[in-house]
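Atom set for the values below is all heavy atoms of this structure, side chains included, hydrogens, waters and symmetry mates excluded. Per chain, numbering begins at 1; letters A, B, ... match sequence-line order.
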Number of protein chains: 2
Amino acid sequence: MKENSKYIQVKNQIKDWILEGKVKPGEKIYSENELVKRFGVSRHTVRQAIGVLVHEGWLYREHGSGTFCSNRLLQQTKRESSKNIGVITTYMSDYIFPSIIRGIEQYLSSQGYSLIMASTNNDLEKEKQCLQTMLSKNIDGLIVEPTKSSSANPNISYYLNLEQHHIPYLMINQYYKEINPPHLVIDDEKGGFLATEHLIQYGHKKIIGIFKSDDLQGVNRMKGYIDAFRKYNLPFFPDMIVTYTTENKEEKIAEIRSLLEGKDRPTGMICYNDEVALSVLNIVRSLYLSVPGDLSIVGYDDSQLATASEVKLTSVSHPKTQMGIDAAKRIIAKIEGKSLENGTDSIVYEPQLIVRESTKRLASKIIT
Amino acid sequence: MKENSKYIQVKNQIKDWILEGKVKPGEKIYSENELVKRFGVSRHTVRQAIGVLVHEGWLYREHGSGTFCSNRLLQQTKRESSKNIGVITTYMSDYIFPSIIRGIEQYLSSQGYSLIMASTNNDLEKEKQCLQTMLSKNIDGLIVEPTKSSSANPNISYYLNLEQHHIPYLMINQYYKEINPPHLVIDDEKGGFLATEHLIQYGHKKIIGIFKSDDLQGVNRMKGYIDAFRKYNLPFFPDMIVTYTTENKEEKIAEIRSLLEGKDRPTGMICYNDEVALSVLNIVRSLYLSVPGDLSIVGYDDSQLATASEVKLTSVSHPKTQMGIDAAKRIIAKIEGKSLENGTDSIVYEPQLIVRESTKRLASKIIT
DNA sequence: CGAGGAACAATGTACGTACAAGTTAAAACA
DNA sequence: TGTTTTAACTTGTACGTACATTGTTCCTCG
């Protein structure tokens, strides 16, 4: 079953129409010949696509009359509680995500709920698939960590469709501004500011910032970084910011080596997260420089990794498991119609700087 | 659906072959081209006929190989497929488990299945709850990592109940000997042996082994450790083995400090896994000793942690993600009535030693 | 004797055509 | 105006072709 085969594409497009609500149950879809014209494929291919959807229960055909959208989604609207909560994250097994998921699972299972997992690998197409899966399952609620939150999201209609089906959902880590759903996020701008301020107060002036640009966490942390420079009236210098995306991460990180090899070396570095900080640490080692002797490094998220290395990383806290618990608590409250003690549906966590061994006060200068 | 249409006739003829027993479950039927010749119809018609039988569950097709009689009709359960697979693990977010789960999720989602997660925290009571939850949900199959596999399991009846409901399940990492289900495991005995042999061949004699005793992985690795001592005819010495359980892990690990403080220090250490190895590494650092200078350490599982520290750990490989993929592949094959190419339902992975920087050849002695 | 590659065989995708059969609605007729 | 016929449109069956992709088998080469 090739993903890019034509009939699969046609199938997915038609399914989209249904899931997005463009075609409602009982309504007739385009005739086969019409679809042939629209997609520019043969009738055989169209029939193949429709055939699959008929077998999956999305459509039914009537000889001589047309092809119609079945009403299986409607049946699910008045469904009984399944005690299943969907969870969609960008990554499932890496970094701090396991901790978040643990929090979710902990609370859910204590309340007799189960968790259905899916991950997007930070790919919007995959996010769409995940949403489709969740919509076609019998879930009571959905917790989403947005994919590529810094760019416009093409899957909004799916989220809106969730609302039409009265399935509560909330977003963690970030949220799509366009829909403004309940969300649990960290004040990343402040986190970035705290990290940078820390180095500035330690007397550092040439501080490089490395940030991920395809999610809002990265963009916000960068904002905080720049704010700190402004507040302390420090001069900006060339190459002070390195940004990367999921796709070009490896190369961009590798480029940092050259920044450290030059003679006018930076003395501090603010990293998007602990993972990046560790990569930098490895580069520093390979150049026979020391941390924090030659370079002070600040990570972010206070992950396992921060304390796994010999040089324990100074990092910015992330609620992780607690965030998971809070998310689960709120989604269940919504499902069961409880009103939360706190009036608002969302939480903004305050970040805290955790100073460890990877940052050092520069001897020459002290700023207060 | 005309009764006299050709593809219906072809369909019925093939179905007859199955019902009459001319084709038995798992056997290959005539190829499409062969059927074209026999029935004197076009390939399109043959494919149409087979397509119906595939959808009805009588046959399944394998690209490049042929069309086979399914054995799903033997189970003849009328429960409809929910496309949900349950996964029960001891831990969900720690260590190598995320990698395993990622493998499972990867394959499941590619096949249109979803995954329902639950974890036991290595507690048998919680395992019981998880099994109850899974049984009450509509799952098509179950992947289990056993809890406390070294002791007798009180939840056997739940597993037997799964069989009665014709819900296929398999176990990963370890399996309960009492039920002997399909399982995907590593040859831990050999892994423990390889790790120990490595240090022995590097000239080490006083090698301490630290093992977890409440799962079979630990017990088997210890067995391999002892076997290596026997094979190389090395003398046993007091305190050479430290065992711990989930409950007393912290204290037992802490006790290792005293072993390293004595004057007759061991020169090598075999650790249950990389996590323990890192704990030991921290103790070694706090005593101002060096790895591998003063102590050679071997971890297990080749986890992220093995390469996160400054001293990259020598470790024993664990298939992790691949194991997850294999598990998912097998459970789906079972559900869909495919018989696997490989006659046996289980896999035993061969462990491999990955030598990094945490082990050193002792200068004085070389054994070949 | 094992590894690797070539040839072959099986299913998968995709295009085309033609006509059959059921439904609908406009057109024709009484 | 009410009924019937017909044309147009829908899905269903059936044929053909070509090439892609995957798995197996066997043979060659080192």
Inset, instruction - Let me know which of B:T307, B:D302, B:T314 forms a side-chain hydrogen bond (donor to acceptor under 3.5 Å, both in side chains) with B:R356. - result: B:D302

Pull out every protein N or O sitting under 3.5 Å from an N or O of nucleotides 23-26 of chain C, one pair per line with the distance.
from, atom 1, to, atom 2, distance (Å)
C:dT23, O4', A:G64, O, 3.3

Legend entry - Salt bridge B:R221-B:D301, side-chain N to carboxylate O under 4.0 Å: yes

Legend entry - Atom-to-atom span, CD of B:E32 to C1' of D:dT17 - whole angstrom: 15 Å

Legend entry - Whole-Å gap separating P (D:dT13) and OH (B:Y7): 4 Å

Legend entry - Rounded interatomic separation in angstrom, taking CG from B:L35 and P from D:dA14: 15 Å

Legend entry - D:dT10 OP1/OP2 closer than 4.0 Å to side-chain N/O of A:R61: no

Inset, instruction - Identify whether NZ of Lys or CZ of Arg in A:R38 sits under 6.0 Å from the centre of the six-membered ring of A:Y30 and within 45° of that ring's axis. - result: yes

Legend entry - Heavy-atom donor-acceptor pair, A:N248 side chain to A:T245 backbone, under 3.5 Å: yes

Inset, instruction - Check whether NZ of the Lys or CZ of the Arg B:K177 lies under 6.0 Å from the centre of the six-membered ring of B:Y175 and within 45 degrees of that ring's axis. - result: yes

Inset, instruction - Grab the CZ-C1' distance between B:F68 and C:dA9 for me, whole Å please. - result: 12 Å

Legend entry - Rounded distance (Å) that lies between atom P of D:dC19 and atom NZ of A:K6: 15 Å

Inset, instruction - Count the heavy atoms belonging to other residues, nucleotides or ligands that lie under 6.0 Å from CD of B:Q352, then report whether that count exceeds 12. - result: no

Inset, instruction - Starting from P on C:dA10, measure out to CD on B:E34 and report it in whole angstrom. - result: 8 Å

Inset, instruction - Provide, to the nearest angstrom, the distance between the CD1 atom belonging to B:I29 and the C1' atom belonging to C:dA10. - result: 12 Å

Legend entry - Pair B:R43 + B:E32: basic N to acidic O under 4.0 Å: yes

Inset, instruction - Respond yes when some side-chain nitrogen or oxygen of A:K28 is under 4.0 Å from OP1 or OP2 of D:dT10, and no when none is. - result: no

Legend entry - Ring centre gap for B:F193 and B:Y225 strictly below 6.0 Å: no

Inset, instruction - Tell me which residues in residues 38-51 of chain A put a heavy atom below 4.0 Å from DNA chain D, sorted by number, or none. - result: A:R43, A:R47

Inset, instruction - Can you tell me the distance, in whole Å, between the CD1 atom of A:I8 and the P atom of C:dG12? - result: 12 Å

Legend entry - Candidates A:Q129, A:Q132, A:E127, A:K128 - the one meeting side-chain hydrogen bond (donor to acceptor under 3.5 Å, both in side chains) with A:N155: A:E127

